[in-house]
Q: 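Handing you this structure, nothing more for now.
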Amino acid sequence: MKVVYPGSFDPPTFGHLDVIKRGSELFSEVHVCILHNSSKKSSLFSVEERVNMLKEVAGNIPNVFVDFYDGLLIDYVKSRNLDAIIRGLREITDFGEELRMAQANRSFSGGIETLFLAADPTHSFISASMVREFASFGKTVEQFVPEPVLLKINEKLKG
């Protein structure tokens with residue numbers, strides 16, 4: 001089974017990496033796809049920077065592929081002949097939004113399923129927006145992101 005793990009990954013966190021690694025053990029291919037999110041006002045990192053960071057932290061996993069798509073997730077799934085979507089759930093509030101998206105994607109796609117992976121409890125409170133906010137106020141975020149991502153955050157916020 002080939003799946004896509006979509007998100008903005010701005011920046012990639014240990015929570016994202018956990019879902020990627022666990023997905024790679026469950027499925028033959030995991031396509032980590034950065035999607036353009038029109039509801040997000042601004043990004044800390046460009047798409048290219050996020051692709052490069054994801055390749056650096058997950059590129060050594062043989063069945064993981066990093067990609068970008070500017071369109072609907074269901075169109076990406078169909079264009080790559082993927083079987084399903086995977087999403088990580090951190091808390092109960094994630095479930096409501098993710099369920100709505102899963103139902104909409106299934107309805108518009110003619111049946112593409114979404115599979116949910118419960119977050120590892122050690123990462124369940126981590127969000128990319130929290131990382132961006134703490135880092136923007138000069139707090140270290142080393143416990144939330146892989147070292148290559150931490151270096152990029154520090155470079156970005158210094159400049």
Side-chain angles (χ1 to χ4, degrees), residues 1-91 93-120 123 126-133 135 144-146 148-153 155-156:
M1 185 177 227
K2 298 183 238 178
V3 299
V4 61
Y5 176 39
S8 57
F9 305 101
D10 187 34
T13 68
F14 283 131
H16 294 133
L17 194 54
D18 178 61
V19 171
I20 294 167
K21 286 178 180 175
R22 289 169 49 211
S24 74
E25 294 167 2
L26 295 168
F27 306 106
S28 62
E29 290 182 12
V30 176
H31 294 251
V32 180
C33 185
I34 299 166
L35 292 173
H36 174 70
N37 187 339
S38 58
S39 67
K40 294 210 175 176
K41 305 240 184 310
S42 63
S43 299
L44 179 60
F45 292 102
S46 70
V47 169
E48 184 178 345
E49 290 171 317
R50 288 180 269 161
V51 165
N52 290 336
M53 284 187 284
L54 281 164
K55 284 181 177 178
E56 189 168 359
V57 299
N60 62 334
I61 305 170
N63 61 335
V64 171
F65 306 91
V66 179
D67 203 357
F68 166 76
Y69 192 72
D70 189 13
L72 291 175
L73 176 59
I74 57 174
D75 293 335
Y76 178 83
V77 171
K78 288 178 179 180
S79 73
R80 301 298 191 279
N81 294 315
L82 303 177
D83 301 302
I85 300 163
I86 61 169
R87 296 295 292 154
L89 295 176
R90 293 172 298 168
E91 56 187 46
T93 56
D94 283 349
F95 181 72
E97 180 63 27
E98 292 296 342
L99 179 61
R100 282 188 291 280
M101 286 304 303
Q103 290 169 331
N105 284 336
R106 189 169 193 281
S107 176
F108 282 107
S109 71
I112 294 172
E113 296 289 352
T114 300
L115 309 169
F116 299 110
L117 295 177
D120 181 305
H123 306 302
I126 301 172
S127 71
S129 59
M130 179 196 75
V131 169
R132 288 191 309 270
E133 183 167 356
F144 307 131
V145 298
V149 175
L150 178 65
L151 295 172
K152 297 288 184 198
I153 290 171
E155 285 174 24
K156 178 71 74 169

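Predicted model only: the values in this text are computed from it and were never measured. Atom set for the values below is all heavy atoms of this structure, side chains included, hydrogens, waters and symmetry mates excluded.
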Q: Tell me if a side-chain donor or acceptor on S79 pairs with a main-chain N or O of Y76 at a distance below 3.5 Å.
A: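 At least one qualifying donor-acceptor pair exists.
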Q: Can you tell me if N105 uses its side chain to pair, donor with acceptor, with the backbone of I74 under 3.5 Å?
A: no
Q: Under the side chain to side chain contact (heavy atoms under 4.5 Å, CB included) test against E98, which residue among R90, Q103, R87 passes?
A: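 Exactly one pass, corresponding to R87.
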Q: Quick one: are V3 and L26 in side-chain contact, heavy atoms under 4.5 Å?
A: no
Q: Please say whether more than 12 non-hydrogen atoms of neighbouring residues, nucleotides or ligands are located less than 6.0 Å from NZ in K78.
A: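 Counting other residues, nucleotides and ligands, NZ of K78 exceeds 12 neighbours.
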Q: Are the side chains of D83 and F27 in contact, using a 4.5 Å heavy-atom criterion?
A: no
Q: Between the side chains of E48 and S46, is a donor N or O closer than 3.5 angstrom to an acceptor N or O?
A: no
Q: After noting the C-alpha distance and the side-chain angles of D10 and R132, does the key distance pass the side chain to side chain contact (heavy atoms under 4.5 Å, CB included) rule?
A: CA-CA 8 Å; D10 187 34; R132 288 191 309 270; 3.8 Å; yes
Q: How far apart are the closest heavy atoms of T13 and S127, and which atoms are they?
A: CG2-C, 4.4 Å
Q: Heavy-atom distance under 4.5 Å between the side chains of K21 and I61, does that happen here?
A: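 Contact flag for K21/I61 side chains = yes.
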Q: Determine whether more than 12 heavy atoms belonging to other residues, nucleotides or ligands lie under 6.0 Å from atom CD of E133.
A: no
Q: Would you mind checking if E56 and K152 are paired as a salt bridge, meaning a charged N to carboxylate O distance below 4.0 Å?
A: no
Q: Is it true that a side-chain atom of R50 and a backbone atom of S8 form a donor plus acceptor pair closer than 3.5 Å?
A: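 It does hold such a pair.
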Q: Is the shortest distance from a Lys or Arg side-chain nitrogen in E25 or R22 to a carboxylate oxygen in the other one below 4.0 Å?
A: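 Not counted as a salt bridge, because no side-chain N and carboxylate O are separated by less than 4.0 Å.
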Q: Here's a test for you: under side chain to side chain contact (heavy atoms under 4.5 Å, CB included), which of I86, N63, L82, V66 qualifies with H31?
A: L82
Q: For a 4.5 angstrom cut-off between non-hydrogen side-chain atoms, does C33 reach R80?
A: no
